[in-house]
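Here is how names work: the chains are called A, B, and so on, in the same order as the sequence lines, proteins then strands, and each is numbered from 1.
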Amino acid sequence: MGETLLSIQGLSKAFGDCRVLDAVDIDVASGEFLTLLGPSGCGKTTLLRLIAGLEAPSAGSITLADEDLVRIPAERRPVNTVFQSYALFPHLTVFDNVAFGPHLHGVRGDELRQAVAEALATVGLAEFANRKPAQLSGGQQQRVAIARAVVNKPRVLLLDEPLSALDYKLRKRMQVELKQLQRRLGITFIFVTHDQEEALSMSDRVAVMNEGRIEQLDTPRRIYEEPASVFVARFVGETNLLPATVKGRDEGGLLLEVEGIELKVRPPRFDPDDKVHVMLRPEDLDVWSREELERHPELKARAIAARVEEVIYKGSTVDLLVRLSGGDRVAASAFFDEEDPTLDYKRDEEVFVTWPKDWEVLLPWDSGGAGAG
Amino acid sequence: MSRLWRGGYLGLIYLFFYLPIAILIVFSFNDSKYRLTWQGFSWRWYEALFSNEELLQVALNSVTLAFISATLATLMGTLAAVVLYRYRFFGKRLLHGLLYIVIMSPDIVMGISLLILFVSLNMPLGFWTLLLAHVTFCLPFVVVTVYGRLSGFDESMVEAARDLGAGEWLTFRKILLPLLMPAVIAGWLLSFTLSMDDVIISFFVTGPEFEILPLKIYSMVRVGVKPEVNALCTLMFGLTLILILIAHLLLKEKKA
Amino acid sequence: MSGAARIGGLRNITLTLIWVWLLLFVLAPTLMVVVASLLERGESQFVIAEFTIDNFLRLFDPLYFQVFWNSIYLALVTTLICLLLGYPFAWMISRASPRLRPLLLVLVIIPFWTSSLVRTYAMVIILKANGLLNASLLWLGVTDKPLMLLFTEFAVIVGLVYSLLPFMILPLYAAMEKLDLRLLEAARDLGAGRVALFTRVVFPLTLPGVIAGCMLVFLPALGMFYIPDLLGGAKILLLGNLIKDQFLAARDWPFGSAISVLLLIFMALFMLLLVWARRRRADSGEMGL
């Protein structure tokens, strides 16, 4: 990624006594697609509105290319927003909606017409210029909102859950289109969503937010595979969390007790007697029958006895809900595999659960995270 | 059966509402002075009306007063509604409350309270006191009409305008005002009809040198029924009807 | 920046203007009425700055007390008739087909906005001795000589109902339109009969509309002095007539103010009732069932 374009330092926002944003730091690189992901009320929209200038921060700084943004009113910031409700002006045509920004910035005549035409062409709405917003479908209104923002050539484009009002199929298509648009325009995107799948598939980096703070800021892959906290692990993707205790440490590893078995794991930052969570994604778990386990004696020491509680057929995968002998329930999903056509489990069947060595992720104990996802 | 009952009941109430007015209108064209029976169609009462210079002057007074007070109330009321909608400020709820109290309070209390005020300020009763009173009772109706339309707006529309580079003033002029126009016009029309029709409040704050139509009609009707009054009331009703229909169409448009 | 300054200035000017206006022409005059009601009547001036509660006590003077009760009685009867006529009417409109509803509503709004004076005058034409109603009654043979309809209490009540019925219907309609029909279906499903449906679901949920409507009918019904003037032959007095006389004929402003304060107290009571009803509905949405 390029150099830092937008730098946010110690940004806080309180409404009365309610602290919605708490000392947030983010550096956004030029041309990056950054997603703010989190449950509703986590502060992601507030962060976006602070960048847009629609709210004033209680503390902290926002700088864009070394210019202090906080002092600049919303109407003069070189950033634009695509609103969740689109916020198209109902009394203006599509053309006038898109022309609104450039016109205010003194663009006139042919130059204006060309800029608007170009922006509308970018979103594939060239022939709808003379319609009123009410005469467009939801997806088309969405595109007008995008065209109206990008026509101003903003340094940063802010998108506040722009796809949430669209149906599933259209949302999928718009995700791809948005990503392509961002690449083509080279504009930095800051995208707010509560949909983790959307966040993972579109972004260069994802900031997972919770209660006004950033829990983790990382690439989608690392967010998914190496979540920094129980919150992130649970919010992004399906997760099994198993309680475990650190038994001791020796050269090169920790000795861990989990579900009645002892495991040697890579040495992260824990001390003996710490309680920890072992995080495993459903697709990381292998489920074996007793005969299968007999054929793999090397796994025996690591296998946790369990019983199948529910078998959920999902087409490309089979998901199992499995009760471990220790009482915790985990989800495991197995992909259909040409070489293993016997993907056939029955309720109440006795099975054994293992996972490949070193695939587990250790997370600090979080009482809110107890129990499996 | 129940449909029939319902239709019948609605019909009866509407009949109650409109029959007296219909009779009034019919009689204004009746070529007879005292008789109930239909004596043939005639414009004579309208002719009598329009040759009555004094009455025409009074009507002109009323229209002038209604026009000015509706315009002032609309200007102030529109701005007030926008300020109430857009900004947080000290005493906002109190202001809302006061406006509602003005709408709810009995006309007669408003009439005598303004009379006491004007007298204690040594203001001569007449055009100016009428104007102040009319603006006061029209004002909250404009605020409510305009505010009602504003609260139907998507709030992020205003933010979008700012985001695209419009300051507060341009946002007001280019986005809010055009969208509010139907409500502003409706508010004006309602104010105009309120002002044209008011009897009770005007009764207390009027003066001898500026007569207005409703009070003139009142004094004429008190001494008995005159056919010219039928014609006059028919015209007033027709005017109000036209204004209401325009206002209604303007306000309905927002839902479409 | 100039734009921001301009709107900031405009905002402050607007706020100042509206506040000054309401303080000067609503709050101050109302306070003056209250103050005047507690002062002595003067000979050369309208009031003398001497505190007294005599003006309120005079309401119990038999002479005025009868007017007072008569006015309240007329207003109550008017309100009751408006409620009984208006409730089913508003309900039928609110349940009419969405295509028909705007038309039905506009037909109520027209009398709502037209001059009550003009409509009262129209009623005079109907009720007078050689008017339409008597003619109809004679023709139908119900009576053999014209009835004295005009200048009776009956005429005043008819006139008040005629003028004020739209003020009852519109708030009722507003409350009923918001009513979720699924609630009624749910109540039916739970076994509520027609009576229970009305007393335990529909009426409690439309109560704010009922109170607002009653206020908008009851208060003006105490004050619309021209209706008894035109229809009651100045025999039957409302509080409005009394107030008017005190201000314009008897020149007893403190007593007139005291009667007005009484109206304000009625209004305050209604508003408290309204706040109570709205709050109750908001607090215990399900408990109401």
Side-chain angles (χ1 to χ4, degrees), chain B residues 6 9-10 13-14 16-17 19-21 23-24 27 36 76 79-80 83 87 89 95 98-99 101-102 104-109 112-117 119-120 132 136 139 167-170 172 190 193 196-197 199-200 203-204 214 217-218 221-222 225 229 233 236-237 240-241 244 248 252, chain C residues 3-4 6-7 11 14-15 17-18 21-22 25-30 32-33 36 46 85 88-89 92 102 106-107 109-111 113-115 117-119 121-126 128 130-132 135 162 215 219-220 222-226 229-230 240 243 247 253 256-257 260 263-264 267 271:
Chain B
R6 226 180 301 171
Y9 185 72
L10 288 176
I13 298 281
Y14 283 125
F16 177 55
F17 277 145
L19 186 66
I21 295 171
I23 289 168
L24 174 82
F27 273 53
L36 171 75
M76 271 167 64
L79 287 173
V83 168
Y87 305 103
F89 54 86
L95 193 58
L98 263 179
L99 288 167
I101 287 175
V102 179
M104 295 289 195
S105 73
D107 285 356
I108 191 154
V109 177
I112 63 128
S113 67
L114 285 169
L115 172 65
I116 294 181
L117 177 81
V119 168
S120 47
L132 290 173
T136 305
L139 187 62
E168 292 278 348
W169 172 248
L170 280 174
F172 176 70
L190 296 183
T193 59
M196 281 296 288
D197 290 344
V199 179
I200 297 184
F203 188 83
F204 289 98
I217 295 175
Y218 180 42
V221 174
R222 278 169 96 178
V225 176
V229 179
C233 286
M236 295 246 324
F237 178 74
T240 317
L241 186 66
I244 299 162
H248 187 77
K252 223 180 72 177
Chain C
R6 243 150 102 199
I7 199 78
R11 180 187 100 173
T14 304
L15 273 175
L17 187 65
I18 193 102
W21 196 282
L22 289 179
F25 296 117
V26 177
L27 219 53
T30 309
M32 289 169 99
V33 172
F46 291 115
L85 289 178
F89 185 79
M92 287 170 192
V106 137
L107 286 173
I109 289 171
I110 290 169
W113 285 111
T114 44
S115 168
L117 179 69
V118 169
R119 290 191 293 132
Y121 173 66
M123 201 43 104
V124 172
I125 297 182
I126 296 232
K128 55 183 185 161
N130 57 352
L132 189 84
Y162 182 52
M215 172 163 80
L219 293 177
L222 293 172
M224 296 180 90
F225 56 77
Y226 54 83
D229 264 9
L230 299 185
I243 297 174
F247 273 88
W253 286 25
S257 298
S260 305
L263 292 190
L264 285 177
M267 179 171 86
M271 286 192 151

Select one option (side chain, backbone, both, neither) describing which atoms of B:Leu170 are under 4.5 Å from chain C's heavy atoms.
neither

So, for C:Leu117 and B:Tyr218, which heavy atoms are closest and what is the spacing to 0.1 Å?
CD2-N, 3.9 Å

C:Ile110, part contacting chain B, at a heavy-atom distance under 4.5 Å
both

Using a cut-off of under 4.5 Å on heavy-atom pairs, state which of C:Pro111, C:Gly223, C:Gly240 scores highest against chain B.
C:Pro111

Quick check for you: among C:Ala36, C:Ala122, C:Ser115, which has the greatest number of heavy-atom pairs under 4.5 Å with chain B?
C:Ser115

Hey, could you give me the OG1/CG distance between C:Thr30 and B:Leu114, rounded to the nearest 0.5 Å?
8.0 Å

Considering only heavy atoms and a distance below 4.5 Å, find which of C:Pro88, C:Gly256, C:Pro102 pairs most often with chain B.
C:Pro88

Honestly, the part of C:Thr114 sitting under 4.5 Å from a heavy atom of chain B is both

The reported gap from CD1 in B:Ile108 to CD1 in C:Ile243 (rounded to nearest 0.5 angstrom) is 4.5 Å

Considering non-hydrogen atoms only, spot the tightest contact between B:Ile116 and C:Ser257 and give its length.
CD1-OG, 3.6 Å

Under a 4.5 Å heavy-atom cut-off, does chain B meet the side chain of C:Trp113, its backbone, both or neither?
both

Closest heavy-atom pair, C:Ser260 versus B:Val109, reported as atoms and distance to 0.1 Å, is O-CG2, 4.0 Å

From B:Phe27 CZ over to C:Ile125 CD1, what is the distance, rounded to the nearest 0.5 angstrom?
7.0 Å

Ignoring hydrogens and angles, tell me if any N or O in the side chain of B:Tyr9 forms a donor-acceptor pair with the backbone of C:Leu85 under 3.5 Å.
yes

Portion of C:Leu22 that has a non-hydrogen atom of chain B nearer than 4.5 angstrom
side chain

Mind ranking B:Leu99, B:Leu139, B:Leu190 by heavy-atom pairs under 4.5 Å with chain C and telling me who comes out on top?
B:Leu190

Distance-minimising heavy-atom pair for C:Met267 and B:Pro106:
SD-CD, 3.9 Å

Check each atom of C:Met224 against the heavy atoms of chain B and say whether the ones under 4.5 Å are side chain, backbone, both or neither.
both

Taking the inter-plane angle between the rings of B:Phe203 and C:Phe225 on a 0 to 90° scale, is it parallel (under 30°), tilted (30 to 60°) or perpendicular (over 60°)?
tilted

Honestly, the part of C:Phe25 sitting under 4.5 Å from a heavy atom of chain B is both

Closest non-hydrogen atom pair, B:Cys233 against C:Val118
CB-CG1, 3.7 Å

Taking B:Asp107, B:Leu19, B:Ile217, B:Val119 one by one, which has the highest count of heavy-atom pairs under 4.5 Å against chain C?
B:Val119

Between C:Leu27, C:Val26, C:Thr14, which residue shows the highest count of heavy-atom pairs closer than 4.5 Å to chain B?
C:Thr14

Best-contacting candidate, C:Ile18, C:Leu107, C:Leu264, against chain B by heavy atom pairs under 4.5 angstrom
C:Leu107

Working to the nearest 0.5 angstrom, can you tell me the gap between B:Phe16 CZ and C:Met123 CE?
4.5 Å

Enter the distance from B:His248:NE2 to C:Ile109:CD1 here, rounded to the nearest 0.5 Å.
5.5 Å

Let me know if C:Leu222 has heavy atoms under 4.5 Å from chain B in its side chain, its backbone, both or neither.
neither

Measure the shortest side-chain to side-chain distance between B:Leu115 and C:Phe247 over non-hydrogen atoms and say whether it is less than 4.5 angstrom.
yes

Using 30° and 60° as the class boundaries, would you call the ring planes of C:Tyr162 and B:Phe17 parallel, tilted or perpendicular?
tilted

Once you round to the nearest 0.5 Å, how far does CH2 of C:Trp253 lie from CD1 of B:Ile112?
9.0 Å

Looking only at heavy atoms, what is the nearest atom pair of B:Ser113 and C:Pro29, with distance?
O-CB, 3.3 Å

When the 4.5 angstrom heavy-atom criterion is applied to B:Leu117 and chain C, the contacting part is both

Measure distances from B:Leu79 to the heavy atoms of chain C and classify the residue's part below 4.5 Å as side chain, backbone, both or neither.
both

With chain B, which of C:Leu263, C:Leu219, C:Val106 has the greatest number of heavy-atom pairs at distances under 4.5 Å?
C:Val106

Chain C: which of B:Ile244, B:Ile101, B:Leu98 shares the most heavy-atom pairs with it under 4.5 Å?
B:Ile244

